[in-house]
Amino acid sequence: MANANYNEIFTTTLENRSGKIADAVSKNNALLNRLREKGHNRLVYGGSKILEELEYGEGDMSWYSGYDSIEYTPKQLFTAAEYSLKLCAVPVAVSGEDLLKNSGKYQIMDLFEKRIENAQKTMCNKMSEAIYGDGTSAGGKAIGGLALLVADAPETGTVGGINRASSGNEFWRNQSVTATAPFTAETLRPAMDKMYLSLCRGADKPDLIIAGNAMYSVFEQSLAALQRYTEPKLAEAGFTALRFKGADVVFDGGQGGNCPESKMYFLNTNYIYLRSHKDRHMKVIGGERMAVNQDAIYKIVGWAGNMTMSNAALQGVLIDKSE
């Protein structure tokens, strides 16, 4: 290894940026940004599975008078969803030749910074893409995103180890409505009203609505000028956001956006989490990892965890009919 003297500089530079990488990933996606604000980017401290406890049953309550018997029947009121630990990594490498061509303290630092910035952008983009996936990409090694947790067909499939098709597991199914005809400015708002109201439970209400190109465009067309309420915090973070019944409606399409064109997700983010392992939270992994038979410095930025959910019935997806 001809350039071992630069290893400490490279490692230190990357270590100092690892926290910023994690923060950038959260800010790059409206859903992750909301989860970060709520403190729902909770760390995992060990174990082969990530557990989310679920309260799905109700106990007994009896109306009585005098000496009436108060009935009690033991019931199972709690269960847990189990999510697998998924891992991803972005390598950051600098060849000895590049170091020679960029010799000098500040030139080397600039070279390292550019490589690390590229790793950060890669991590942001790939994580944002996975947020909308169903966990089947990369041979099933990717995280389970909204296509799994808030499924188009919620009566099928297994989420968190719980079979949604089984009788008695209706509590673990999200709401899903597919339009019978392409949405227009006149028909979308009533459909949004119906979906929103179906997801309200007392003080629990959807707080984030994410739309792709087609759905957001039709929603925007449906708004009169005086109805264009915006969300300043999201706007400051760079997201295009309007309001609907108190929920933020965010556009996540265009170049680099990953929300499917014809979908609109209604999310109650009180029950959605990004669970990251404490030792792989966008950190440099592997210690002094060096190329054995190459003239290169080689480091890895790694993450491990999964996206989890603790209440499916309060999540929904509205799907436009294909032309």
Side-chain angles (χ1 to χ4, degrees), residues 18 21-54 80-91 119-154 156-164 172-174 208 210 212 250 252 256-260 263 265 267-283 285 300-312 315 317:
S18 62
I21 292 175
D23 189 53
V25 168
S26 297
K27 290 181 178 178
N28 195 56
N29 179 279
L31 174 55
L32 296 186
N33 187 66
R34 177 60 53 85
L35 299 183
R36 180 177 58 86
E37 288 178 349
K38 288 190 169 184
H40 283 201
N41 194 342
R42 290 163 38 208
L43 297 179
V44 177
Y45 290 88
S48 60
K49 298 284 186 179
I50 303 172
L51 299 182
E52 294 292 351
E53 291 188 351
L54 311 178
E82 296 182 346
Y83 298 88
S84 299
L85 197 67
K86 303 298 182 75
L87 300 92
C88 67
V90 177
Q120 175 179 306
K121 291 175 183 177
T122 300
M123 185 74 80
C124 287
N125 294 337
K126 296 301 183 182
M127 284 292 290
S128 293
E129 181 181 333
I131 293 305
Y132 291 99
D134 61 2
T136 60
S137 63
K141 298 174 185 177
I143 64 172
L146 292 180
L148 175 69
L149 303 181
V150 190
D152 296 358
T156 63
T158 298
V159 177
I162 301 174
N163 187 349
R164 286 177 157 177
W172 198 228
R173 300 171 187 170
N174 59 271
L208 183 64
I210 306 177
V250 179
D252 193 11
N258 293 290
C259 184
K263 290 186 182 180
Y265 287 100
L267 306 176
N268 187 326
T269 62
N270 287 328
Y271 303 98
I272 300 176
Y273 310 87
L274 184 69
R275 305 293 304 277
S276 304
H277 196 285
K278 69 178 182 66
D279 295 327
R280 295 288 175 90
H281 187 37
M282 311 298 176
K283 294 181 177 180
I285 63 176
I300 293 176
V301 178
W303 180 86
N306 211 334
M307 179 169 280
T308 66
M309 177 178 65
S310 60
N311 190 309
Q315 319 297 336
V317 59

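- Residues M307 and L31 are in side-chain contact: their nearest non-hydrogen atoms beyond the backbone lie under 4.5 Å apart.
- The backbone N or O of R164 sits less than 3.5 Å from a side-chain atom of R173, completing a donor-acceptor pair.
- The shortest distance between side-chain heavy atoms of R42 and T308 does not fall below 4.5 Å.
- Separation of atoms OG1 (T156) and CG (N163) is listed at 9.0 Å; rounding is to 0.5 Å.
- Between P154 and A151, the shortest heavy-atom distance links the atoms CD-O, 3.6 Å.
- Within the model, atoms CG of L32 and OG of S128 stand 6.0 Å from one another, a figure rounded to the nearest 0.5 Å.
- Annotation: the span from I272 atom CD1 to E52 atom CD amounts to 11.0 Å, rounded to 0.5 Å.
- Judged by distance alone, the side chain of R36 and the main-chain N or O of N41 form no donor-acceptor pair under 3.5 Å.
- When side chains are defined from C-beta on, V159 counts as touching L148, because their heavy atoms get closer than 4.5 Å.
- I131 is not listed as a side-chain neighbour of N258, based on a closest heavy-atom distance of 4.5 Å or more.
- Counting all heavy atoms, side chain and backbone alike, A142 lies closest to S137 at CB-OG, 3.1 Å.
- Side-chain contact check for T122 versus V301: every heavy-atom pair is 4.5 Å or farther apart.
- The minimum heavy-atom distance linking R275 with V44 is given by the pair CB-CG2, 3.7 Å.
- The closest donor-acceptor contact from the side chain of N306 to the backbone of S84 lies under 3.5 Å.
- Remark: Y273 pairs with H40 by the ring-ring contact (aromatic ring centres under 6.0 Å, His included) rule, at least two apart or across chains.
- Checking side-chain atoms of K49 against main-chain N and O of A81 turns up no donor-acceptor pair under 3.5 Å.
- We find the CG-CE distance between L274 and M127 to be 5.0 Å, quoted to the nearest 0.5 Å.
- Enclosure of atom NZ in K141 is not indicated, since only 12 or fewer non-hydrogen atoms of other residues, nucleotides or ligands lie within 6.0 angstrom.
- Within the 4.5 Å cutoff, no side-chain heavy atoms of K263 are placed close to those of Y132.
- Residue Y271 is tested with L54, N311, L149 for a side-chain contact (heavy atoms from CB on, under 4.5 Å); the sole match is N311.
- Considering all non-hydrogen atoms of both residues, I300 and A89 come closest at CG2-CB, 3.4 Å.
- Residues N125 and E129 form no side-chain contact, since every pair of their non-hydrogen atoms from C-beta on lies 4.5 Å or further apart.
- Taking all atoms of both residues into account, the shortest heavy-atom contact from M282 to W303 is CE-CD1, 3.5 Å.
- Note that CD of Q315 is 8.5 Å distant from OG1 of T269, once rounded to the nearest 0.5 Å.
- The shortest non-hydrogen separation linking M123 to C88 is SD-SG, 4.0 Å.
- At a threshold of 4.5 Å between non-hydrogen side-chain atoms, the residues N174 and Y265 do not count as touching.
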